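Down below is the structure, laid out as structure tokens.
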Amino acid sequence: MAKDNKNPNKKPKLNPYWIYGIIIAVFISIQIFSGGFGESTGTQTTPAQFLDYLEQGQVDKIEIVNKREARVFLTKEAQTQAPHKNTTSKSIIPSVNASPNYKFEFGDLQNFEKQVNEVIQNNNLDTELVYETEHNVWGDFLLTLLPFVLIIGVWIFIMRRMSGGGGGGAGGQIFNIGKSKAKLFDEKIDTKTSFKDVAGLEGAKEEVQEIVDFLKFPEKYTALGGKIPKGALLVGPPGTGKTLLAKAVAGEAKVPFFSLSGSDFVEMFVGVGASRVRDLFKQAKEKSPSIIFIDEIDAIGRARGKNNMSGSNDERENTLNQLLTEMDGFGTNTNVIVLAATNRADVLDSALMRAGRFDRQIYVDLPDVRERQEIFEVHLRPLKKEETLDIDFLAKQTPGFSGADIANVCNEAALIAARKGKKSVNKQDFLDAVDRIIGGLEKKNKIITPAEKRAVAFHEAGHATVSWMLEHAAPLVKVTIVPRGRSLGAAWYLPEERLIVHPEQMLDEMCAALGGRAAEKVIFDKISTGALSDLEKVTKQARAMVTVYGLSDKVGNLTYYDSSGQSEYGFTKPYSEKTAELIDQEISDIIEEQYQRAITLLENNKDKLTELAEVLLDKEVIFKDNLEKIFGKRAFETPVLNSEEEE
Ligand code: ADP
């Protein structure tokens with residue numbers, strides 16, 4: 001074959017569709033040709049007409065083809081006579097045999113034979129009657145071919161499907177199934193994230209920056225006999241910026257950066273995961289120094305279980321074992337650093353976490369007030385906001401928000417402002433966005449009867465009153481009876497950011513949560529289903545107090561919490577039936593006690609509660625100031641927030 005490389009652009013590529021096209025064309029032409037050959041020539045006539053000709057002795061031969069069609073050959077004299085002129089074919093292809101003058105379909109063969117024989121005998125004719133079977137060679141050939149064509153077609157279709165629908169055009173990916181799916185970060189194409197885009201997280205940032213440094217100047221560290229760490233594990237709740245940190249490393253480290261997710265190792269075939277790990281490390285070593293980033297590593301790094309009931313964990317264990325050996329096996333002293341992120345460090349296998357593999361664990365926690373402020377600053381950069389916007393205030397209004405939540409608040413605020421047709425985003429838009437993210441969409445047109453509305457108002461006023469009166473309950477920000485999402489009303493609090501929680505704080509919070517139901521009981525003397533989410537929260541909290549934190553006197557300083565997550569699927573309780581009863585009793589006692597406490601508090605302040613509920617019914621939304629008007633200044637200040645203000 002001549003390989004014309006001079007003009008590569010014009011060289012037609014062999015596209016699979018062409019092949020289909022060619023096959024179809026061949027079929028059609030075969031059909032046409034075979035039709036051309038197979039179709040007999042001769043003028044169409046009727047059986048009655050034919051019998052006439054036969055009677056008159058004009059017929060020389062009758063050919064019965066495939067027991068279906070009769071072809072009539074006339075005698076030489078008859079052919080020259082008037083009605084039969086032009087009946088012979090004028091085929092382009094000269095045929096060896098004489099072609100028939102007439103043809104027709106006779107219907108039933110026996111009947112026809114009888115008729116013909118009768119006429120021949122009666123008239124004493126010497127007309128020949130011959131039988132013939134014609135095969136449509138091409139048609140038969142095609143029929144035998146068809147199943148093969150179908151099977152091959154289906155096979156090609158399945159292959160293309162399995163190879164991922166031709167994404168990227170790398171055909172035949174079925175053979176690449178054991179290859180790693182890691183994406184190599186490309187500085188030129190991918191948007192570059194830098195450490196500047198990561199707000200807060202000072203400690204974590206320093207650690208990963210050092211990792212970048214290790215790879216850039218390894219001699220600096222190895223000169224003193226130190227070894228370059230093999231891996232670092234970023235641990236923290238979702239949305240706190242772990243992936244973002246890794247992206248920043250990719251943008252800043254001027255070395256190849258492979259990124260993939262833990263689930264990329266998983267495939268329906270056994271052994272694929274391990275082979276992908278091997279391939280990933282092989283690629284990374286070829287390009288060393290380099291960084292591998294595995295997001296959500298808990299997908300493969302889960303602790304290897306002992307009670308392998310279903311056997312389905314095998315594949316994951318193989319993958320994990322391969323990862324373990326690649327990270328710290330024989331002769332792995334290459335400059336490949338593995339970064340991994342997870343929010344479930346508690347379930348990871350201990351062999352994975354040991355020094356020598358993930359030497360460093362970098363904890364990425366939810367941001368505190370100051371960090372939130374920095375994150376706001378990063379995400380407010382692209383927004384058109386009012387000059388006077390108080391970022392400090394926004395940071396204080398968003399306790400417990402992760403970086404991702406804050407990014408979302410900023411975006412929502414911009415959308416809300418745009419919906420209102422504003423030129424810039426102001427404080428109220430941000431507050432609306434926060435409300436929306438916590439509570440869901442406002443549903444002003446939800447149908448509520450006045451009685452229900454009254455019940456909701458008293459319920460929320462109950463929460464507000466109790467939390468106002470208790471020292472450790474979170475300070476209130478606002479109360480609303482506008483339905484939002486699935487709730488009919490809500491009380492917004494500004495919880496303190498505590499690192500350790502004391503029992504009295506938990507109890508106060510539970511009391512405040514039960515304040516809603518208590519208010520319904522005190523005012524209407526009946527309770528409702530409206531307290532479902534409160535009860536759920538309180539029950540969980542009480543159970544945690546007793547079984548997780550060991551805060552109950554009767555059960556004692558015990559915990560049934562298993563940080564390894566291995567008992568998650570177990571069917572047995574780690575305690576006896578007797579203890580189970582005790583636990584249930586304790587939980588119920590704690591909750592009942594707090595409920596009674598809330599009731600007593602509200603009984604004593606019934607007038608204020610009613611006043612508050614009336615204001616709420618009137619205004620629908622009330623703030624801290626309204627409460628201060630009714631109750632006077634709150635006796636308990638919030639020391640944590642204040643101390644942060646002072647700093
Ligand atoms: P995860 O910790 O679950 O991997 P990501 O790193 O994917 O979370 O964070 C999601 C988004 O949240 C980021 O794309 C970014 O917009 C925002 N974000 C989170 N943390 C920060 C931070 N410290 N600074 C700036 N943006 C952040």
Side-chain angles (χ1 to χ4, degrees), residues 182-183 185 190-212 231-253 257-265 291-302 338-348 358 360-383 385 389 391-392 394-415 425 430 433-434 436-438 497:
K183 182 171 169 279
F185 179 83
D190 296 322
T191 42
K192 213 171 145 187
T193 310
S194 70
F195 283 125
K196 256 195 254 132
D197 300 316
V198 187
L201 307 177
E202 288 311 324
K205 239 169 25 179
E206 233 166 68
E207 293 261 337
V208 289
Q209 254 166 337
E210 203 183 24
I211 288 172
V212 175
L233 187 63
L234 296 163
V235 184
T240 45
K242 298 180 294 294
T243 314
L244 190 71
L245 258 181
K247 274 193 208 155
V249 174
E252 303 253 336
F257 187 93
F258 296 87
S259 79
L260 78 171
S261 152
S263 58
D264 284 343
F265 291 111
I291 299 177
I292 295 174
F293 173 60
I294 307 176
D295 210 352
E296 317 294 353
I297 197 173
D298 46 302
I300 50 165
R302 223 166 240 271
V338 183
L339 276 182
T342 178
N343 41 37
R344 298 288 321 264
D346 51 336
V347 300
L348 289 187
F358 286 113
R360 300 186 166 195
Q361 285 192 30
I362 303 170
Y363 200 74
V364 185
D365 209 350
L366 284 175
D368 62 20
V369 181
R370 220 164 309 120
E371 285 175 319
R372 283 202 299 274
Q373 193 173 341
E374 287 178 32
I375 298 175
F376 261 116
E377 270 158 21
V378 167
H379 290 284
L380 286 176
R381 242 183 260 153
L383 297 190
K385 56 198 175 287
L389 189 69
I391 298 179
D392 184 44
L394 291 180
K396 279 190 189 148
Q397 291 301 312
T398 48
F401 274 44
S402 67
D405 291 331
I406 292 174
N408 196 7
V409 166
C410 293
N411 194 41
E412 275 296 332
L415 296 184
V425 194
F430 281 97
V434 171
R436 188 183 164 164
I437 284 165
I438 298 178
E497 290 172 48

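Atoms within each ligand, like the ligands themselves, are counted from 1 in listed order. What you see is a predicted model, and the numbers here were worked out from it, not measured in a lab.
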**Top protein contact for atom 26 (N) of ligand 1, by heavy-atom distance** = His379 NE2, 2.9 Å
**Request:** Identify which of Ala199, Gly239, Gly236 has a heavy atom lying nearest to atom 22 (C) of ligand 1.
**Result:** Ala199
**Message:** How long is the straight-line distance from CG of Asp405 back to CD of Glu412, given to the nearest 0.5 Å?
**Reply:** 11.5 Å
**Where ligand 1 meets Asp197 - atom numbers and elements under 4.0 angstrom, heavy-atom basis** = 24 (N), 25 (C)
**Prompt:** Is there a heavy atom in Lys247 that sits closer than 4.0 Å to ligand 1?
**Reply:** no
**Asked** Is there a nitrogen or oxygen of Ala404 sitting under 3.5 Å from a nitrogen or oxygen of ligand 1?
**Response** yes
**Residues forming a side chain to side chain contact (heavy atoms under 4.5 Å, CB included) with Asp298, sequence neighbours excluded** = Glu296, Thr342, Arg344, Val347, Leu348
**Request:** Check each atom of ligand 1 against the heavy atoms of Gly403 and keep those under 4.0 Å away; list them by number with element.
**Result:** 12 (O), 17 (C), 18 (N), 19 (C), 20 (N)
**Fill in**
Here the gap from Arg372 atom CZ to Ile391 atom CD1, rounded to the nearest 0.5 Å, amounts to 13.5 Å
**Inter-residue atom distance Leu383.CG - Arg381.CZ, 0.5 Å rounding** = 11.5 Å
**Request:** Kindly identify the option in Leu244, Thr193, Leu234 whose heavy atom sits closest to atom 21 (C) of ligand 1.
**Result:** Leu244
**Message:** Would Ala407 count as a polar contact of ligand 1, with the cut-off being nitrogen or oxygen pairs under 3.5 Å?
**Reply:** no
**Asked** Would a 4.5 Å heavy-atom cut-off, applied to side chains only, mark Val208 and Phe195 as touching?
**Response** yes
**Message:** Return the CG to CG distance between Leu234 and Leu245, rounded to the nearest 0.5 Å.
**Reply:** 6.0 Å
**Request:** State if Pro238 counts as touching ligand 1 under the rule of any non-hydrogen atom under 4.0 Å.
**Result:** yes
**Message:** Within the structure, is a non-hydrogen atom of Ala341 found at a distance of less than 4.0 Å from ligand 1?
**Reply:** no
**Prompt:** Has Asp295 got any heavy atom lying under 4.0 angstrom from an atom of ligand 1?
**Reply:** no
**Message:** Tell me whether Leu201 has any N or O atom under 3.5 angstrom from an N or O of ligand 1.
**Reply:** no
**Request:** Give the numbers and elements of all ligand 1 atoms closer than 4.0 Å to a heavy atom of Thr240.
**Result:** 2 (O), 8 (O), 19 (C), 20 (N)
**Prompt:** Can Glu210 and Arg360 be said to form a salt bridge (charged side-chain N to carboxylate O under 4.0 Å, His left out), step by step?
**Reply:** CA-CA 11 Å; Glu210 203 183 24; Arg360 300 186 166 195; 2.8 Å; yes
**Item:** Leu380 side, atom CG; Gln373 side, atom CD - distance, nearest 0.5 Å
**Value:** 10.5 Å
